[in-house]
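All remarks here apply to the structure that follows.
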Number of protein chains: 2
Amino acid sequence: MKLSTRGRYAVTAMFDIALHHDKGPVSLADISERQGISLAYLEQLFPLLRGRGLVKSTRGPGGGYSLAVDSEEIAIADVIDAVEESLDATRCGGSADCQNHQRCLTHDLWEGLSGQIRSHLSGISLAQAVSNAHVREVSSRQEHRMNRVEVI
Amino acid sequence: MKLSTRGRYAVTAMFDIALHHDKGPVSLADISERQGISLAYLEQLFPLLRGRGLVKSTRGPGGGYSLAVDSEEIAIADVIDAVEESLDATRCGGSADCQNHQRCLTHDLWEGLSGQIRSHLSGISLAQAVSNAHVREVSSRQEHRMNRVEVI
DNA sequence: AAATAACCGAGTAAATCACTCAGGTATATA
DNA sequence: TATATACCTGAGTGATTTACTCGGTTATTT
């Protein structure tokens with residue numbers, strides 16, 4: 001099973017863009033500051049998201065990243081898939097040669113679990129996730145903090 | 001998220017016991033041979049399973065491990081819980097202080113995922129999992145291999 | 001021209017993982 | 001009582017992965 005901070009960071013960053021893309025492209029520096037993720041680390045992640053056609057980039061001042069497609073069209077699973085090797089609970093990655101080139105005793109069990117996770121995360125769009133009450137609340141708090149920082 | 005070979009091995013070993021416990025306690029040496037898991041590694045795992053009241057041990061010749069309760073009463077989640085630190089998709093482990101001592105933007109999302117996984121694995125008993133057709137097939141193949149080894 | 005911000009590849013410290021080793025202790029059988 | 005079996009315990013280790021950094025380049029706006 002692969003679901004590390006890498007995937008979590010990618011989803012968080014996509015949340016941030018979805019919440020701010022009305023004001024044009026969102027720079028990685030802004031995401032870094034708001035979400036507390038190192039800029040260099042984000043720079044490593046975003047080419048992967050772009051490669052999957054989830055975001056598009058604009059260079060130069062005022063540039064940044066924006067969603068390549070509507071947030072309803074992006075599933076959480078897509079984001080994780082983009083940055084994480086494989087979202088799979090089986091050991092063999094579905095190839096079913098777990099033990100001695102045979103499907104291991106427990107293969108079906110992990111396959112079932114993988115399917116469960118996958119369908120759950122495929123069923124949640126970025127738009128849905130972001131519309132969550134708590135997300136909006138935290139987001140507005142981050143807005144205020146940002147403003148305060150700018151004032152000081 | 002924590003689901004490594006550790007948890008997989010534990011489940012596989014429990015499968016093995018469930019499939020053979022009619023012939024009395026199952027030794028770790030047998031499990032090791034049948035399932036291709038290092039004996040020393042199993043010895044590390046089983047005290048944890050015993051601590052959770054999933055298996056009981058009998059020492060001495062002819063000894064080994066047997067199920068402490070009926071296989072219908074053991075959920076796959078119990079087995080994984082016993083050997084794996086936490087089966088949780090959130091970063092903070094549910095404590096909700098993910099970022100700056102606040103629930104992070106994506107907290108609810110990971111919490112939802114954790115719940116999904118947990119309820120899935122809690123809903124499958126060892127008995128159910130073992131009754132799977134493929135499991136029985138592989139198991140009988142292992143039986144034959146064991147016999148052949150003994151003959152040679 | 002200068003500032004901004006995406007792009008790119010290599011490198012690294014720390015943690016985790018799977019696994020081993022070297023013993024010790026209880027119990028059944030001869 | 002001796003011996004073999006099999007559980008029990010704790011410490012150690014090599015390899016891999018992880019999160020993260022650094023130094024620099026290229027494109028675009030003002």
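These values consider heavy atoms only, across backbone and side chains, with no hydrogens, waters or symmetry-generated copies. Naming convention: chains lettered A, B, ... in sequence-line order (proteins, then strands); numbering from 1 in each chain.
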For Gln44(B) and for Tyr65(A), locate the closest nucleotide of DNA chain C by heavy-atom distance; then report the residue assigned to the nucleotide nearer the 5' terminus.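 This one resolves to Tyr65(A).
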
Residue closer to the 5' end of DNA chain C, Gly62(A) versus Gly60(B) (nearest nucleotide):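 By nearest-heavy-atom nucleotide position, the 5'-most residue is Gly62(A).
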
For [X] and [N], is the shortest distance between a side-chain N/O and OP1 or OP2 below 4.0 Å?
X: Tyr9(B); N: dC19(C); answer: yes
X: Ser57(A); N: dA5(C); answer: no
X: Ser4(B); N: dT16(C); answer: no
X: Arg6(B); N: dT16(C); answer: no
X: Thr58(A); N: dT28(D); answer: no

What pair of heavy atoms forms the shortest contact from Ala75(A) to Ser122(A), and how long is it?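 Looking at all heavy atoms of both residues, the closest pair is CB-O, 3.6 Å.
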
What pair of heavy atoms forms the shortest contact from Gly62(A) to Pro25(A), and how long is it?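 Result for this residue pair: O-CG, 3.8 Å.
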
Grab the [atom1]-[atom2] distance between [X] and [N] for me, whole Å please.
X: Leu42(A); N: dA5(C); atom1: CG; atom2: P; value: 14 Å
X: Leu39(B); N: dA22(C); atom1: CG; atom2: C1'; value: 14 Å
X: Glu43(B); N: dG23(C); atom1: CD; atom2: P; value: 15 Å
X: Leu28(B); N: dT9(D); atom1: CG; atom2: P; value: 13 Å
X: Asp30(A); N: dA6(C); atom1: CG; atom2: P; value: 9 Å
X: Tyr41(B); N: dG12(D); atom1: OH; atom2: P; value: 19 Å
X: Arg59(B); N: dG24(C); atom1: CZ; atom2: P; value: 14 Å
X: Leu45(A); N: dT18(D); atom1: CG; atom2: C1'; value: 12 Å

When you measure from the side chain of Ser71(B) to the backbone N and O of Leu126(B), does any donor-acceptor pair fall under 3.5 Å?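 Judged by distance alone, no pair lies under 3.5 Å.
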
Assess the side chains of Trp110(B) and Ser114(B): does a donor N or O sit below 3.5 Å from an acceptor N or O?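 Absent: no donor and acceptor within the cut-off.
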
Of the nucleotides dT21(D), dC8(D), dT28(D), which has the atom closest to the Arg50(B) side chain?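 Of all the options, the side chain of Arg50(B) is nearest to dC8(D).
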
Any salt bridge linking Arg118(A) with Asp81(A)? Criterion: basic side-chain nitrogen under 4.0 Å from a carboxylate oxygen.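 Yes, charged N to carboxylate O under 4.0 Å.
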
